Amino acid sequence: MLKELRPAVVLALLLTAVTGLAYPLAMTGIAQAVMPKQANGSLIERNGQLVGSALIGQSFTSERYFHGRPSATTAADPADPSKSVPAPYNAANSAGANVGPTNQALLDRVQADMERLKQENPSAPVPIDLVTTTASGLDPDISPEAALFQVPRVARARGLPEDRVRQLVAQHVDGRLFGFMGEARVNVLALNLALDDLSR
């Protein structure tokens, strides 16, 4: 019995050491040596102060900034931990809303967002990514169309010419990966930081 059990125990310990310790340590070391910025979360600093990550969206609500996609992430309600409350871009609770297209709460929220955005820019169609969430709820990017849709509001709030703000958006459009994968996108945090620089 012990003779048959011994190889299984040795193999389990060996695989645990290799896959649970040696491999993760090696990959962490390689990542830190080859691409430390990405390995540490693609953090963005401004004047020695951490302002966010290029990989996780933030909730910008001021009229002076470009807004990201809606976020469906939640957190525990401080008043009643058995319930949850909206907590946009809560990286500790990455998830979508998991509601379908016939859910009345979703329809009401999207309709309210559409009406608000149509008032903001009545001359342009509302881009879909300004009213829909992503699967993670943490998406840091919006489409170039969504950024351009917000140009009149941001330019008006900052007292800048719309053409200058449009140029800034164009400078921050990241194309498709390798020219054919994914869609063109604009990182909202990077765009807003450039906007602050422009306004100085």
Side-chain angles (χ1 to χ4, degrees), residues 27 30-47 49-73 88-91 94-97 101 110 113-114 116-118 120-200:
M27 289 301 105
I30 291 169
Q32 288 293 334
V34 175
M35 48 187 179
K37 185 177 189 293
Q38 292 87 344
N40 291 317
S42 298
L43 301 177
I44 298 173
E45 289 186 14
R46 181 59 61 98
N47 300 323
Q49 188 83 0
L50 179 66
V51 294
S53 168
L55 303 175
I56 297 178
Q58 294 184 26
S59 184
F60 290 97
T61 56
S62 168
E63 297 295 304
R64 297 172 48 82
Y65 289 105
F66 287 89
H67 302 163
R69 294 185 75 159
S71 175
T73 58
Y89 303 104
N90 176 9
S94 170
V110 169
D113 287 352
M114 289 284 289
R116 179 181 51 80
L117 289 166
K118 282 180 185 175
E120 179 181 307
N121 189 352
S123 63
V126 176
I128 191 73
D129 56 326
L130 287 180
V131 295
T132 58
T133 63
T134 61
S136 70
L138 305 176
D139 195 346
D141 302 320
I142 55 176
S143 66
E145 296 78 19
L148 291 170
F149 178 88
Q150 299 179 66
V151 164
R153 170 183 50 81
V154 172
R156 190 171 48 251
R158 289 192 178 248
L160 294 168
E162 284 188 26
D163 286 344
R164 183 62 190 106
V165 179
R166 253 189 224 93
Q167 288 173 353
L168 190 67
V169 169
Q171 292 167 359
H172 284 81
V173 173
D174 293 323
R176 295 173 175 226
L177 186 63
F178 306 123
F180 68 93
M181 292 176 64
E183 295 295 329
R185 65 209 175 281
V186 177
N187 185 283
V188 178
L189 177 58
L191 179 59
N192 283 334
L193 290 173
L195 188 61
D196 282 343
D197 290 342
L198 182 68
S199 299
R200 288 185 184 159

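These figures come from a predicted structure and were not determined experimentally.
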Checklist entry - Rounded to the nearest 0.5 Å, how far apart are CD of Q49 and CD1 of I44? => result 14.0 Å
Checklist entry - Looking at CG of N192 and CG of L168, how far apart are the two atoms once the value is rounded to the nearest 0.5 Å? => result 9.5 Å
Is there a donor-acceptor contact under 3.5 Å from the side chain of [X] to the main chain of [Y]?
X    : Y    : result
R158 : R64  : yes
N187 : D141 : no
R69  : T132 : yes
Q150 : H67  : yes

All side-chain contact (heavy atoms from CB on, under 4.5 Å) counterparts of [X], not counting sequence neighbours:
X    : value
A170 : none
L177 : M181
V151 : F66, L148, E162, V165, R166, V169

Quick one, [X] and [Y] - any side-chain contact, counting heavy atoms below 4.5 Å?
X    : Y    : result
Y65  : D196 : yes
D113 : L130 : no
F60  : L189 : yes

Item to check | Enclosure of M27 CE (heavy-atom neighbours >12, cutoff 6.0 Å) | outcome: yes
Checklist entry - Is it true that atom CD of Q171 has more than 12 heavy atoms of other residues, nucleotides or ligands lying nearer than 6.0 Å? => result yes
Checklist entry - Do you know the tightest heavy-atom contact between R153 and S62? => result NH1-O, 3.8 Å
Checklist outcome for this item: When every non-hydrogen atom of T133 is compared with those of P70, the smallest separation belongs to CG2-O, 3.3 Å
With [X] via side-chain hydrogen bond (donor to acceptor under 3.5 Å, both in side chains) - residues at least two apart:
X    : result
Q38  : none
S123 : N121
D139 : none
S59  : none

I'd like a table of donor-acceptor pairs (distance under 3.5 Å, sequence neighbours excluded) in which one partner is a side-chain atom from residues 51-58, with atom names and distances.
unit_1 : atom_1 : unit_2 : atom_2 : d
S53    : OG     : G41    : O      : 2.7
S53    : OG     : L55    : N      : 3.0
Q58    : NE2    : V51    : O      : 2.7

Next on the checklist: I'd like to check the salt bridge (charged side-chain N to carboxylate O under 4.0 Å, His left out) partners of E145; sequence neighbours left out, ordered by chain and number.
Outcome noted: none
Checklist entry - Mind checking what makes salt bridge (charged side-chain N to carboxylate O under 4.0 Å, His left out) contact with R164, not counting sequence neighbours? => result none
Item to check | With F149 via ring pair (Phe, Tyr, Trp, His ring centres under 6.0 Å) - residues at least two apart | outcome: none
Next on the checklist: Show me the pairs that pass side-chain hydrogen bond (donor to acceptor under 3.5 Å, both in side chains) and involve residues 172-181, at least two apart or across chains.
Outcome noted: R176-E183
Checklist entry - Taking NZ, NE, NH1 and NH2 as the nitrogens, is one of them in R46 or D197 under 4.0 Å from a carboxylate oxygen of the other? => result yes
